[in-house]
Protein chains: 2
Amino acid sequence: MTNIHDIARLSGYSVSTVSRVINHQKYVADDKRAKVEAIMRELDYVPNRLARDLSKGQTKTIGVVLPYANHPYFARVIDGIMSAGFAAGYKITLLPTNYDMTVERRYLDQLRGKAYDALIFTSRSSSLDTLERYRKYGQIVCCEDPGDDRELAAAFTDRMASYVHAMQWAKKHGYETMGVVLSRNNVISASTRVTRRAYEQVYGPLTDDHLFTGAVNYDDGYHAGQYFANLKPTVDVIFANGDDIGAGVEQYFDHHGLPAIPVIGQENLLSSRLLNFSTIDHHLEALGQAAFRLATGKTRTHELIKSDFIIR
Amino acid sequence: MTNIHDIARLSGYSVSTVSRVINHQKYVADDKRAKVEAIMRELDYVPNRLARDLSKGQTKTIGVVLPYANHPYFARVIDGIMSAGFAAGYKITLLPTNYDMTVERRYLDQLRGKAYDALIFTSRSSSLDTLERYRKYGQIVCCEDPGDDRELAAAFTDRMASYVHAMQWAKKHGYETMGVVLSRNNVISASTRVTRRAYEQVYGPLTDDHLFTGAVNYDDGYHAGQYFANLKPTVDVIFANGDDIGAGVEQYFDHHGLPAIPVIGQENLLSSRLLNFSTIDHHLEALGQAAFRLATGKTRTHELIKSDFIIR
DNA sequence: ATAATTTATGAAACCGGTACCAGGTCAAGT
DNA sequence: ACTTGACCTGGTACCGGTTTCATAAATTAT
């Protein structure tokens, strides 16, 4: 591996000069610059990223903490982070946790070890206090509303407003009872908590029989459909924590010859388009982009992304 | 930032000893080890990743080159790579190209600059010759069959076999003419080339009017549906380069009151399940896992992933 | 003509670790 | 008693860059 010292030796100049050439700095005579560049080209030299990063104490890398990648919610957020990161010349490293707090902690320690310039928590199991404690080792962005007096940057959607909006629409539309399908506790946790609060505001206390938890994908939604199909008295509409889940609910009813059940999904995925049910689009790419900006910038610490309720 | 020298000074031992403690090596007296560990804990010390990586000449990071992340094909491959990488203690960095060769070249240069231990090309615009030229700077894995005499590792699906199998099934099933929907040229390029070859083998030469190109998502598929709906004479079945595309085709017919058109999709996504059409499952997670294994091994091997044809 | 800048260059410290090597202790083997 | 080898420990040269600082020549200002 040829390094900067080789270039210096072969060109007859010092490493300092070579370094200046590499970084396009001032104060290098034109002829020397040309000669150094020629030799670098000739030897096919590329500076070592690690050495540079170590020296500068900066990696131009952002770590993205997420439970798993094979979920459309995270896929869309990642997409936003990546496109913004690419434009800014940053590398994006994916850090799966599978909701294991120990693993999250390991990533936080890696932040301390300067492996990343910043961390984006698209979801978390650790407490906000824990995250905050690591704030001094690098920027930390979370994707939920952490409250005003936190030292954490945050990008989040207006969940409460959009949920209330959608539920009020449902109620006004004549759906007097609503069933709710949520993910397992702590998964996209903010959404779980907010859904309950919105429900209470519009429909009153959320009783256990109107709630099905533990759903993350289509199959889970299918089970939820089975649950609500057998529930007496029946509910008029289902509020699902994701379109794919909603699709599962809807198809259970369909496959069993039951009258179609109205569903409100989330994320405006292809599944809600195919089955033609209403959904809330949280504009997750925009969320990801905002999260990236917060991770790198010194911008405003909180950013709110507006959702759209898509009626079908 | 406290570093290894601080720990050495405060403990009264040398950096060598501290390093040994950090790396759990033999030949450290128990009492000294305990003392060093105590001081590390007290000072909240975490070794610097960059320094370690630079010293070892190894990053434990794999770069994954892909056009964009918001596509189910890549999402599934990434998922496989990530789960395997996580288990092996590797970091996965996503490298979007948007099919720009210049960008691909930049990533290859980063490999030269030791930013990654290996690169996985889930898709490429550069030639295999180019990739091969960078082989000496690190392992390079591509996700297509590169042929036998390449210096490249490769994980790929048995496209040819499964395409022929699916098309033969279609023909035997009474579908005498077949329309084909492909992505734009060079996108998942291998699939494009192989589809043509399989088609020729089963249905004979692929004429222009039976081919719709430039489709990557549902909306494109919808347009393809429009094209084939207006084609005279009509085709009996559509072979689509992805379930979401197939779903678009199917729904165009549906929305316009036309008789349902049989579709064969790919990847076994939720969309083909929802609309209940046949599909080829390439087991992309397995593909990703294989790609990761090859990326970390020094081998030049090829790995073939078998597909399943799911008849619905 | 002299003082004050600006431009150019290299030496060396530094970033924070790893690893090789030399030197020393101590118990077992012959 | 004398070698042998396993067990500890520290010194120091790396890994490959960046950056500060000292020095000197060339301009420009006074």
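Letters A, B, ... mirror the listed sequences (proteins, then strands); counts begin at 1.
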OP1 or OP2 of dT9(C) under 4.0 Å from side-chain N/O of S14(A): no
- Message: Under 4.0 Å between a side-chain nitrogen and a carboxylate oxygen: does that hold for D109(A) and R112(A)?
- Response: yes
Check your understanding: According to a strict under-4.0 Å criterion, is K26(B) in side-chain N/O contact with OP1 or OP2 of dC8(D)?
Key -> no
R9(B) atom CZ is separated from dG11(D) atom P, nearest whole Å, by 14 Å
Applying a 4.0 Å non-hydrogen cut-off, can you work out what V28(B) is touching in the nucleic acid: base, sugar-phosphate, or nothing? sugar-phosphate
Heavy atoms only, 4.0 Å cut-off, all strands: where does K114(B) land among base, sugar-phosphate and nothing? nothing
Review point. Hey, mind stepping through R105(B) and D100(B) against salt bridge (charged side-chain N to carboxylate O under 4.0 Å, His left out) and telling me if it holds?
Key: CA-CA 9 Å; R105(B) 202 67 73 101; D100(B) 183 337; over 6 Å; no
With the side chain defined as heavy atoms from C-beta on, K56(A) is closest, among dT18(D), dT9(D), dC7(D), to dT18(D)
| For dG17(C), does either OP1 or OP2 sit under 4.0 Å from a side-chain N or O belonging to Y45(B)? | yes
Rounded to whole Å, the NE2-P distance (H24(A) to dG17(D)) equals 15 Å
Regarding the side chain of Y13(A), the nearest nucleotide among dG10(C), dG16(D), dT9(D) is dG10(C)
On DNA chain D, more 5' by nearest nucleotide between R52(A) and G12(B) is G12(B)
Distance below 4.0 Å between Y27(B) side-chain N/O and dC7(D) OP1 or OP2: yes
Between CD1 of I4(A) and C1' of dC14(D) the distance, given in whole Å, is 16 Å
TODO: Please determine if E104(B) and R124(B) form a salt bridge, counting it only when a charged side-chain N lies under 4.0 Å from a carboxylate O.
DONE: no
In whole angstroms, the gap separating C1' of dC15(C) from CZ of R49(A) amounts to 17 Å
For dG10(C), does the base pair up with any side-chain atom of R20(A) as donor and acceptor (N or O, under 3.5 Å, distance only)? yes
dG10(D), OP1 or OP2 - any side-chain N/O from S16(B) closer than 4.0 Å? no
When rounded to whole Å, the CG to P distance for the pair N3(A) and dC14(D) reads 12 Å
Separation of dT9(D) atom P from K35(B) atom NZ, nearest Å, is 13 Å
*Contact class for T17(A) (heavy atom, under 4.0 Å): base, sugar-phosphate, or nothing?*
sugar-phosphate
Residues, nucleotides or ligands: over 12 heavy atoms within 6.0 Å of Q25(A) CD: yes
- prompt: Considering only heavy atoms and no angle criterion, is a donor-acceptor pair shorter than 3.5 Å present between the side chain of S55(A) and the base of dG16(D)?
  reply: no
Margin query: Tell me whether the side-chain N/O atoms of N48(A) come closer than 4.0 Å to OP1 or OP2 in dG16(D).
Written below: no
In whole angstroms, the gap separating C1' of dC15(C) from CG of D53(A) amounts to 11 Å
Rounded to whole Å, CD of Q58(A) lies from C1' of dG16(C) at a distance of 17 Å
Heavy-atom nearest nucleotide on DNA chain C taken for Q25(B) and for L50(B); more 5' hit belongs to L50(B)
* Between D30(B) and R33(B), is there a salt bridge with N-O shorter than 4.0 Å? -> no
Which part of the nucleic acid, if any, lies within reach of N23(A) when heavy atoms closer than 4.0 Å are counted: base, sugar-phosphate only, or nothing? sugar-phosphate
Only one of L10(A), I39(A), I4(A), V36(A) passes side chain to side chain contact (heavy atoms under 4.5 Å, CB included) with Y45(A), and that residue is I4(A)
Of dT12(D), dG16(D), dG17(C), the nucleotide closest to the side chain of V15(B) is dT12(D)
